[in-house]
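As a basis for the values below, the full set of heavy atoms in this structure was taken, side chains included, without hydrogen atoms, waters or symmetry mates. Chain naming here is simple, since letters A, B, ... match the order of the sequence lines and numbering starts at 1 in each.
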Amino acid sequence: MSGTMVASWNPEEVLPLSFYERETTLVAKELLGHYLFHRHPEGMVAGRIVETEAYLGQNDPACHSCRGITPRCKSMFGTAGRIYVYIIYGMYYCFNITTDMPEVPAAVLIRALEPVEGIEIMRKRRGKNKLRDLCSGPGKLATAMGFDKTFDGQSLLTGPVGVSPGKLSPEERIITAPRIGISKAVDWPLRFYLAGNQFVSKK
DNA sequence: GATTGGATCGCCT
DNA sequence: GGCGATCCAATCG
């Protein structure tokens, strides 16, 4: 046995509804270190979550649900632990996880993953070779993971996409910072990422 | 029906 | 660091 600690994860075990059905900021922080996977006919792809952002619902001016329910953001309304996917800039998808109690239309944007499985599939989908270029941004990881609008509304507890438990190593620290790319509530500290991690989207 | 802007990325300088 | 791509969705009328 070598002394190397190999990160392990098990797609048969997924985070329960009670994990997601809590205040969104807490869920966004605690998602760091867990494993997002997609069981696809082409093969399993998975990554370790290293960067997230919280979108708090109707009192958050940057959240799509802040002006009430629309066709785009309807998935944030209702049960937690489901997928919210929307199209951004006409060309990319953003993958979110719905959170909090059913009456709170909130979600966590997954902004970056460390690729851990199905890396050749990711390379093919992205047309990029370097590990750091595969999932280091919300649009990139959606492409690499094979997510599109058809996943909108699906459950993370029963379907081909889910989150499996992982751990932070003792030396890993969480950085809190303002969210990226928004024009409202620009200084709200709702972005979370692992300090020094090479797979986060921006320093 | 028209207008406007966007939770991004990649290429260019 | 700057900017164009590209088109959907929300808003206004």
**OP:** Could you pull out the closest heavy-atom pair between A:A62 and A:K184, with the gap in Å?
**Re:** CB-O, 3.6 Å
Original post:
Between atom OH in A:Y86 and atom P in C:dA10, what is the gap in whole Å?
Top reply: 12 Å
**OP:** For A:R67 and C:dC12, give me the distance from atom CZ to atom C1', rounded to whole Å.
**Re:** 12 Å
**OP:** Just compare C:dA10, C:dT11, C:dC8 and give me whichever is closest to any side-chain atom of A:P71.
**Re:** C:dA10
**OP:** Could you measure between the two P atoms, the one in B:dA2 and the one in C:dT6, and give it in whole Å?
**Re:** 22 Å
Original post:
Any salt bridge between A:E23 and A:K29, counting N to O under 4.0 Å?
Top reply: no
Original post:
Who does B:dA7 pair with, Watson-Crick or G-U, both distances under 3.5 Å?
Top reply: none
**OP:** May I ask which nucleotide in the shown strands pairs with C:dT11, Watson-Crick or G-U wobble, both distances under 3.5 Å?
**Re:** B:dA2
**OP:** Please list, in 5' to 3' order, the outermost nucleotides of DNA chain B lying under 4.0 Å from any heavy atom of chain A.
**Re:** B:dG6 to B:dG10
Tell me what [X] touches on the nucleic acid: a base, only sugar-phosphate, or nothing, going by heavy atoms under 4.0 Å.
{"X": "A:G90", "answer": "base"}
{"X": "A:R191", "answer": "nothing"}
{"X": "A:S183", "answer": "sugar-phosphate"}
{"X": "A:I88", "answer": "sugar-phosphate"}
{"X": "A:R72", "answer": "sugar-phosphate"}

Original post:
Given C:dA9, is OP1 or OP2 found less than 4.0 Å from the side-chain N or O atoms of A:T70?
Top reply: no
Original post:
For the side chain of A:K140 and the backbone of A:D133, is there at least one donor-acceptor N/O pair under 3.5 Å apart?
Top reply: no
Original post:
Is a side-chain donor or acceptor of A:R48 paired with a backbone partner of A:K167 at a separation under 3.5 angstrom?
Top reply: yes
Subject >> Nearest-nucleotide comparison on DNA chain C, the residue closer to the 5′ end among A:K149 and A:Y92 >> reply: A:Y92
Subject >> 5' priority, DNA chain B, between A:R126 and A:K184 [closest heavy atom] >> reply: A:K184
Original post:
Would A:Y84 and A:I49 show up in the same hydrophobic cluster when neighbours are defined by side-chain heavy atoms closer than 4.5 Å?
Top reply: no
Original post:
Are more than 12 heavy atoms from other residues, nucleotides or ligands located less than 6.0 Å from atom CZ of A:R22?
Top reply: yes
Original post:
In terms of ring plane angle, is the pair A:F147 and A:F95 parallel, tilted or perpendicular, where the classes change at 30° and 60°?
Top reply: parallel
